[in-house]
Amino acid sequence: MPHHHTAPSPQTLQLRTPRPGDGTALWQLVQATGTLEANSAYCYVLFATDFADTCLVAEQDGQLVGAVVGYHPPREPGTAFVWQVGVRPSHQGQGLGLQLLQHWRALPANAGCRWITATVADDNAASQALFRRLAHGLGTACHVSPHFGAELFPSGHAAEPLYRIGPLA
Ligand SMILES: CC(C)(COP(=O)(O)OP(=O)(O)OC[C@H]1O[C@@H](n2cnc3c(N)ncnc32)[C@H](O)[C@@H]1OP(=O)(O)O)[C@@H](O)C(=O)NCCC(=O)NCCS
């Protein structure tokens, strides 16, 4: 058989909800962002199972390069909360974060939601810009209000104001 020099495999990017087996990779991705607070591996296994419908991962060549970890706050019907959004440093600044959030918002579990919420630390400029950009793209408002004050956290943790995006059609 002739030997074919195969071209480098196309860098296909797949956006999909996580599977139970993604929990550990999700945990590693969060650590790789360098900015996000990594929770326990068990926590990401929970999100990759019980909360998978409201999560999204970006996979490229078998590696997770970005993710949205979210859920619906039990006392806030019609609200989809972004708990963590992260993109691997090698893939940042290329529109993936925005693409992930737009795709996440349109997931069957989230499509009926009137509001998207997140908390963003005061010192996280990239994330602040990302959520404002998402609201702008959706043609709606982004309202910022005090939420988790620094006093709720162990010392050294910045306050986490609430970003409320909507109303969404
Ligand atoms: C925040 C993060 C998810 C953004 O993802 P990304 O793929 O780099 O962002 P995008 O390329 O989609 O950019 C979307 C918007 O965010 C803004 N943005 C992205 N990176 C930025 C940076 N370093 N500084 C300022 N604004 C930035 C831009 O306004 C951009 O909109 P524009 O392209 O119209 O200018 C990514 O930088 C990240 O993983 N950071 C570490 C983890 C983190 O802080 N997560 C958020 C806390 S929950």
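We number each residue from 1, following the sequence as shown. Counting starts at 1 for both ligands and their atoms, in listed order.
Where the criterion is an N or O separation shorter than 3.5 Å, residue side chain and backbone included, R133 meets it with respect to ligand 1. Between G95 and ligand 1, at least one N/O pair is under 3.5 Å apart. Ligand 1 has no N or O atom lying under 3.5 Å from any N or O atom of A125, backbone or side chain. Among the atoms of G97, some N or O lies under 3.5 angstrom from an N or O of ligand 1. Polar contact check, Q99 against ligand 1: no nitrogen or oxygen pair lies under 3.5 Å apart. Considering backbone and side-chain N/O of L98, one or more are found under 3.5 Å from N/O of ligand 1.
Enclosure of atom NE2 in H143 is not indicated, since only 12 or fewer non-hydrogen atoms of other residues, nucleotides or ligands lie within 6.0 angstrom. The number of heavy atoms from other shown groups lying within 6.0 Å of CD (E37) does not exceed 12. The number of heavy atoms from other shown groups lying within 6.0 Å of CH2 (W27) does not exceed 12.
Neither the backbone nor the side chain of L100 comes within contact range of ligand 1; no heavy atom lies under 4.0 Å. For Q94, every heavy-atom contact with ligand 1 shorter than 4.0 Å involves the backbone, none the side chain. Counting heavy atoms closer than 4.0 Å to ligand 1, residue Q92 contributes atoms from both its backbone and its side chain. Here T35 has side-chain heavy atoms under 4.0 Å from ligand 1, and that is the only part of it that gets that close.
In this structure, the side chain of D22 does not engage the main chain of A48 through any donor-acceptor pair within 3.5 Å. A donor-acceptor pair is defined here as one N or O able to donate and one able to accept, closer than 3.5 Å; such a pair exists between the side chain of Q128 and the backbone of A121. Although no hydrogens or angles enter the test, the distance criterion places a donor-acceptor pair under 3.5 Å between the side chain of Y44 and the main chain of N39. Formation of a donor-acceptor pair under 3.5 Å by the Q92 side chain with backbone atoms of G97 is not found in this model. Proximity of a side-chain donor or acceptor of T49 to a complementary backbone N or O of P20 within less than 3.5 Å is not detected. No donor-acceptor pair under 3.5 Å is formed between the side chain of R114 and the backbone N or O of G166. A donor-acceptor contact shorter than 3.5 Å is absent between the side chain of T140 and the backbone of A135.
Protein heavy atom at the shortest distance from atom 42 (C) of ligand 1 is L36 CG, 3.5 Å. In terms of protein heavy atoms, atom 17 (C) of ligand 1 is closest to A129 CB, 3.5 Å. For atom 23 (N) of ligand 1, the nearest non-hydrogen atom of the protein is A126 CB, 3.7 Å. When only non-hydrogen protein atoms are considered, atom 45 (N) of ligand 1 lies nearest to V85 O, 2.7 Å. Nearest protein heavy-atom neighbour of atom 13 (O) of ligand 1: L130 CD1, 4.4 Å.
The ligand atoms of ligand 1 that sit less than 4.0 angstrom from a heavy atom of N124 are 43 (C), 44 (O), 46 (C), 47 (C). Numbered from 1 in the order shown, with element, the atoms of ligand 1 that lie under 4.0 Å from a heavy atom of G86 read 39 (O).
Put simply, L168 and V85 are part of the same group of oily side chains (I, L, V, M, F, W, Y) that touch within less than 4.5 Å, one to the next.
The option from G93, A67, A121 that lies nearest to atom 8 (O) of ligand 1, judged by heavy atoms, is G93.
In this structure, atom 40 (N) of ligand 1 has a protein heavy-atom contact shorter than 4.0 Å. Within the 4.0 angstrom cut-off, atom 29 (O) of ligand 1 has one or more protein heavy-atom neighbours.
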Exercise. Step by step, would you call E76 with W115 a side chain to side chain contact (heavy atoms under 4.5 Å, CB included)?
Worked result: CA-CA 10 Å; E76 288 178 69; W115 305 95; over 6 Å; no
